[in-house]
Amino acid sequence: MCGIIGYVGHRSASKILTDGLKCLEYRGYDSVGIAVLNGQNLEIRKDKGMVADVSSGSRFDSLSGSIGIGHSRWATHGGVSKENSHPHSDCTGSIAIIHNGVIENYQELKSSLLSKGHKFASQTDSEVVSHLFEENLKQFPTPLIAFSKTISALEGSYAIVLLSKSSPDVLFLARKNSPLVVGKGAGENFCASDFSALLTYTREFLVLEDSQIATIDRDSIALYDLLLTPKTPSFLTIDWDVQTAERSGHPHFMIKEILEQPDVVSAAFSADVSQVLPLLEKFEKIHIIASGTSYHAGLLFSILLNKYKSGKFANVFIASEYQNQVLPDSNALIFAISQSGETADVLQALRYSTSPHKVCITNTQGSSITRLCSHSIYLNAGPESSVAATKTFLAQLCVIYKLLFGDRYRDSIRSTILASTKHSAKIQEFSKSIITNRFIFFLSRGLCLPLGFEGSLKLKEISYLHSQAYPAGELKHGTLSLIEKGVCALFLAPKTPDATKLFGNLKEVKARGGTIFTLTDDPSFKSESDMSLDIVPQTDPLLYPFSFVVPLQLLAYYSSVSLGINPDRPRNLAKSVTVE
Ligand code: F6R
């Protein structure tokens, strides 16, 4: 969840670290810090707050030196405070470390270090790493051996970068269950928790694998396993360009990412699914695993498989519950959907599964999920910087339709998405009425059910309005008791054969005084609504889910903006959720 950046080369480290931390802001954080080494002078500056404020308040720019590390923290162990911000140091101020993940045995390590006289400055689990390295430096002949001994003692998950006066030209890196990449430059090298922070400098990346250690100096990159056996690094080239990772004149990443979705359709349909189609043909039992927005894509996938592909028995699981709901099953074909490819809940579910056939659908090359799966399908959606997933959700749906129906619907989907992006002004107006409600239900049925869930999640995520999605027919089994004057229900009402039942559900809400909003192409819904948006193009019933993708994203976006919230950085949330 936190962000990591490291630099060694010939330029000012503080500038590169500060710029990198700005690029990583989208991940969500509450404090930031950097450490820069200049000869034997190691300086750490850090505080709680945003990059712009902390970097200017603590004068990051006054640190000279061309090797350093930077970190944005999302608090887990220990509150949000200056002391708990990274980098952390040792007792002598000779070492600085940054860490993402959770050191599960930190209490045990800390007690042992305290008994040896170490003094801790924070409540974090991370600080044990710098003190343990300090201790190991006394015992082992080289800093690299001391580092490998330190890493070998850790349990849990980590991406760690360490800077030490003992090796003033080298950054030490280690990774387990938390992403860390090395960016290769000329006369300079970089590391980061994800590619996007480094795209200005390089496209050539080495993705560290679990239980690997690396050292980088300005001219070389060396890779080892935990026993320090050298490994040959293999680099991959990332073709995302910097512009796609910038806002390009839009007020927020989210609106930029919503509006670029017509191109996302074409890119997602170019995904290579050829290796996976035979598996999909062969397996009867299919388990789909995902979290959040990706779960909603998975829900539509499972409905389509069960209803439109005979002989398939598909189940979709919320990743964090997978282990609680099934025994490991080697006869199931697994689909894991995760745009980041780093969601800890999904990774853990994949580790639990004993199936040899695991397919991931992800946007991130080299991500952890690709290592746990036998097959990878890439979304090709380009970098998504807004915390709320938008274009990657659409890309997931496109890949799912490609898997099930080939390219048959590509052009219609693209036209629907393009048409929806033109309705911004109407939806902005609509959102003004939505945000006056204290409670908003999203009600839908059939193939549009997952879209109701997604619309509701997006709205609550970035506008903080209380919202809940329900299968419309389920309301009468309990939740209808909440409907009264002042409660609002938004119906996703395409003109499908199921429309009569949904219409009945609308009447139930209306009869109890609820305010009715509809997104519909059906005149009968329109006439019963307090407010209705006729922006749903009539289409093949199979494609109606696509009619709602952009309108619901825009509704959430404009609600958030009208309420004075920054939709790109909703409170308490992070883009890549690397803890369980
Ligand atoms: C909501 C959102 C989250 C993610 C969830 C899974 O807008 O972005 O609900 O969908 O955290 O993330 P990935 O797809 O990276 O596994």
Side-chain angles (χ1 to χ4, degrees), residues 1 26-28 74 177-179 193-196 252-255 257-258 261 268 288-301 316-322 334-350 359-370 372-373 376-379 381-397 399-400 442 450-465 467 469 549-550 552-557 559-560 565-580:
M1 333 258 284
Y26 77 94
R27 296 171 68 97
W74 189 87
N177 295 341
S178 189
S193 44
D194 69 62
F195 307 123
S196 59
H252 302 103
F253 279 112
M254 185 173 177
I255 188 69
E257 288 160 6
I258 291 173
Q261 289 181 104
I288 302 161
I289 301 166
S291 309
T293 289
S294 299
Y295 172 82
H296 300 144
L299 179 58
L300 183 59
F301 192 16
V316 59
F317 296 89
I318 290 196
S320 56
E321 288 298 325
Y322 187 62
I334 309 290
F335 278 93
I337 310 178
S338 170
Q339 68 79 21
S340 64
E342 300 294 348
T343 300
D345 291 330
V346 177
L347 302 181
Q348 204 46 45
L350 283 170
V359 181
C360 66
I361 301 178
T362 183
N363 200 33
T364 318
Q365 282 181 60
S367 55
S368 304
I369 202 171
T370 62
L372 291 170
C373 288
S376 303
I377 302 176
Y378 291 105
L379 298 172
E384 186 175 68
S385 298
S386 175
V387 163
T390 54
K391 61 176 179 171
T392 53
F393 174 65
L394 173 66
Q396 289 165 349
L397 299 189
V399 163
I400 288 163
F442 280 66
L451 271 294
F453 285 123
E454 175 57 9
S456 169
L457 175 68
K458 210 99 302 174
L459 184 72
K460 70 183 121 195
E461 181 182 8
I462 60 169
S463 73
Y464 316 153
L465 291 169
S467 152
V549 170
V550 173
L552 291 171
Q553 293 169 349
L554 287 172
L555 182 63
Y557 173 75
S559 301
S560 170
I565 295 163
N566 178 353
D568 283 345
R569 304 222 200 93
R571 66 186 179 202
N572 307 337
L573 297 174
K575 181 73 181 161
S576 186
V577 187
T578 52
V579 292
E580 278 181 77

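For ligands, and for the atoms within them, numbers begin at 1 and follow the listed sequence.
- Close approach of ligand 1 to Gly292 (heavy-atom distance below 4.0 Å) involves ligand atoms 9 (O), 10 (O).
- Nearest to atom 15 (O) of ligand 1 among the protein's heavy atoms is Ser340 OG, 2.6 Å.
- Separation of atoms CG (Leu300) and CD (Glu454) is listed at 11.5 Å; rounding is to 0.5 Å.
- The Ala388 neighbourhood of ligand 1 comprises atoms 7 (O), with distances under 4.0 Å to a heavy atom of that residue.
- Heavy-atom proximity to Ser294, at under 4.0 Å, picks out these atoms of ligand 1: 10 (O), 13 (P), 14 (O).
- Protein heavy atom in closest approach to atom 11 (O) of ligand 1: Val577 CG2, 4.0 Å.
- Residue-to-ligand polar distances keep Gln396 apart from ligand 1: every N/O pair is separated by 3.5 Å or more.
- For the residue pair Thr392/Glu384, the side-chain donor-acceptor check at 3.5 Å is satisfied.
- Considering every non-hydrogen atom in both Phe253 and Ser386, the closest pair reads CB-N, 3.9 Å.
- Under the side-chain contact (heavy atoms from CB on, under 4.5 Å) criterion, Ser193 pairs with Ile4, Leu24, Arg27, Asn100, not counting sequence neighbours.
- The aromatic rings of Phe335 and Phe301 lie perpendicular to each other, with more than 60° between the two planes, well past the 30° mark.
- Of all atoms in ligand 1, numbered sequentially from 1 with element shown, those under 4.0 Å from a heavy atom of Glu461 are 1 (C), 2 (C), 7 (O).
- Using a 4.0 Å cut-off between heavy atoms, Thr343 contacts ligand 1 through its side chain alone, with no backbone atom that close.
- Among protein heavy atoms, atom 2 (C) of ligand 1 sits closest to Thr293 OG1, 3.7 Å.
- Heavy atoms only, all atoms of each residue included: Thr364 and Gln339 are closest at OG1-O, 3.0 Å.
- Only the side chain of Lys458 comes within contact range of ligand 1, with a heavy atom under 4.0 Å; no backbone atom does.
- Evaluation of the side-chain contact (heavy atoms from CB on, under 4.5 Å) rule for Ala319 yields Ile289, Ser291, Asp345, Val346 as partners, not counting sequence neighbours.
- Residue contacts with ligand 1 include Val387, since one or more of its heavy atoms lies under 4.0 Å from the ligand.
- Side-chain atoms of Ser338 and Ser294 include no donor-acceptor pair closer than 3.5 Å.
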**side-chain hydrogen bond (donor to acceptor under 3.5 Å, both in side chains) evaluation trace for Ser368 with Glu342** = CA-CA 6 Å; Ser368 304; Glu342 300 294 348; 2.5 Å; yes

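- The ligand atoms of ligand 1 that sit less than 4.0 angstrom from a heavy atom of Ser338 are 13 (P), 14 (O), 15 (O), 16 (O).
- Residue contacts with ligand 1: Gly341 is placed with no nitrogen or oxygen under 3.5 Å of a nitrogen or oxygen of the ligand (distance criterion only).
- Nearest non-hydrogen protein atom to atom 5 (C) of ligand 1 is Ser291 O, 3.7 Å.
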